[in-house]
Amino acid sequence: MTKLTPLTIVARRKGKFVAAALQRLIRFLQDNSLDFSVDRISLDEHGLDFEKKIDLHQVTSGLLLSIGGDGSMLKLVEQAVLHNLPILGINCGKVGFLADLSIDNLQELKL
């Protein structure tokens, strides 16, 4: 399996749980030396700062990691289609039919 890099995290849904999930994901990726950036609007939304930030419209390769629910993933479809990008959902919603992971099984990102 080909490893896609870089990863771009997008977490635009408001809420303390999403902010905590974003921070947890950042720590996990750093601890596992995975290359990633964070969407600038997501950082601003949650009052966070991170040195590797990017504007979503500039992302043209890699994997989009969407933190939130199904709606959060669907909002990334336009960008994904424009550049043939896969989207991996990390569910922080109630149902999460489209999400592949929960914040509690991040270890699967290392596969």
Side-chain angles (χ1 to χ4, degrees):
M1 184 163 102
T2 304
K3 184 177 176 183
L4 297 172
T5 55
L7 305 172
T8 302
I9 303 170
V10 181
R12 294 187 177 179
R13 182 175 171 192
K14 294 181 182 181
K16 290 180 183 179
F17 189 70
V18 174
L22 174 58
Q23 291 172 331
R24 187 171 168 184
L25 178 58
I26 288 171
R27 270 192 312 276
F28 173 82
L29 295 173
Q30 289 172 325
D31 290 349
N32 288 280
S33 301
L34 296 170
D35 185 26
F36 70 99
S37 300
V38 183
D39 167 57
R40 184 179 311 276
I41 293 173
S42 299
L43 290 169
D44 292 345
E45 180 70 41
H46 299 290
L48 302 172
D49 192 27
F50 184 69
E51 65 276 359
K52 291 181 75 176
K53 52 187 140 195
I54 191 166
D55 292 322
L56 185 59
H57 71 273
Q58 294 176 319
V59 177
T60 60
S61 65
L63 173 68
L64 296 174
L65 289 173
S66 173
I67 299 176
D70 290 348
S72 298
M73 287 183 68
L74 292 172
K75 289 177 183 174
L76 296 178
V77 169
E78 183 178 350
Q79 183 71 15
V81 168
L82 281 173
H83 300 288
N84 197 28
L85 302 173
I87 303 171
L88 179 72
I90 300 175
N91 187 34
C92 289
K94 293 179 181 155
V95 180
F97 287 114
L98 300 175
D100 297 296
L101 298 175
S102 78
I103 196 64
D104 295 322
N105 63 349
L106 293 177
Q107 292 290 46
E108 292 186 30
L109 283 173
K110 294 191 330 184
L111 298 177

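All values derive from a computational prediction rather than experimental measurement.
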(request) Look at the side-chain heavy atoms of Ile, Leu, Val, Met, Phe, Trp and Tyr, link any pair under 4.5 Å apart, and say whether L43 and F17 land in one connected group. (result)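 Per the 4.5 Å side-chain linkage, L43 and F17 are co-clustered.
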(message) Same cluster or not: I87 versus L74, using hydrophobic residues (I, L, V, M, F, W, Y) connected whenever any side-chain heavy atoms lie under 4.5 Å apart?
(response)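 Per the 4.5 Å side-chain linkage, I87 and L74 are co-clustered.
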Is the shortest heavy-atom distance from the side chain of [X] to the side chain of [Y] under 4.5 Å?
{"X": "L56", "Y": "L64", "answer": "yes"}
{"X": "K52", "Y": "D35", "answer": "yes"}
{"X": "L88", "Y": "L7", "answer": "no"}
{"X": "I9", "Y": "I90", "answer": "no"}
{"X": "Q79", "Y": "T8", "answer": "no"}
{"X": "I54", "Y": "V59", "answer": "yes"}

(request) Could you pull out the closest heavy-atom pair between G68 and R13, with the gap in Å? (result)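 Scanning both residues, the minimum pair turns out to be C-NH1, 4.1 Å.
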(message) Show the nearest heavy-atom pair for residues A21 and C92, with the distance to one decimal.
(response)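 Heavy atoms of A21 and C92 come nearest at CB-SG, 3.6 Å.
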Distance, nearest 0.5 Å, that separates [atom1] of [X] from [atom2] of [Y]:
{"X": "R12", "Y": "H46", "atom1": "CZ", "atom2": "NE2", "answer": "10.0 Å"}
{"X": "L25", "Y": "L34", "atom1": "CG", "atom2": "CG", "answer": "9.5 Å"}
{"X": "N32", "Y": "L29", "atom1": "CG", "atom2": "CG", "answer": "7.5 Å"}
{"X": "H83", "Y": "H57", "atom1": "NE2", "atom2": "NE2", "answer": "9.5 Å"}
{"X": "R24", "Y": "L22", "atom1": "CZ", "atom2": "CG", "answer": "12.5 Å"}
{"X": "I67", "Y": "Q23", "atom1": "CD1", "atom2": "CD", "answer": "10.0 Å"}

(message) Is it the case that the ring center of F36 lies less than 6.0 angstrom away from the ring center of F50?
(response)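 Under 6.0 Å, so yes.
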(message) Heavy-atom count check: over 12 atoms from other residues, nucleotides or ligands less than 6.0 Å from K75 NZ?
(response)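 Counting neighbours around NZ of K75, 12 or fewer heavy atoms of other residues, nucleotides or ligands fall under 6.0 Å, so no.
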(request) Assess whether atom CG of N84 is packed by more than 12 heavy atoms of other residues, nucleotides or ligands within 6.0 Å. (result)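 No, CG of N84 has 12 or fewer neighbouring heavy atoms, counting only those of other groups under 6.0 Å.
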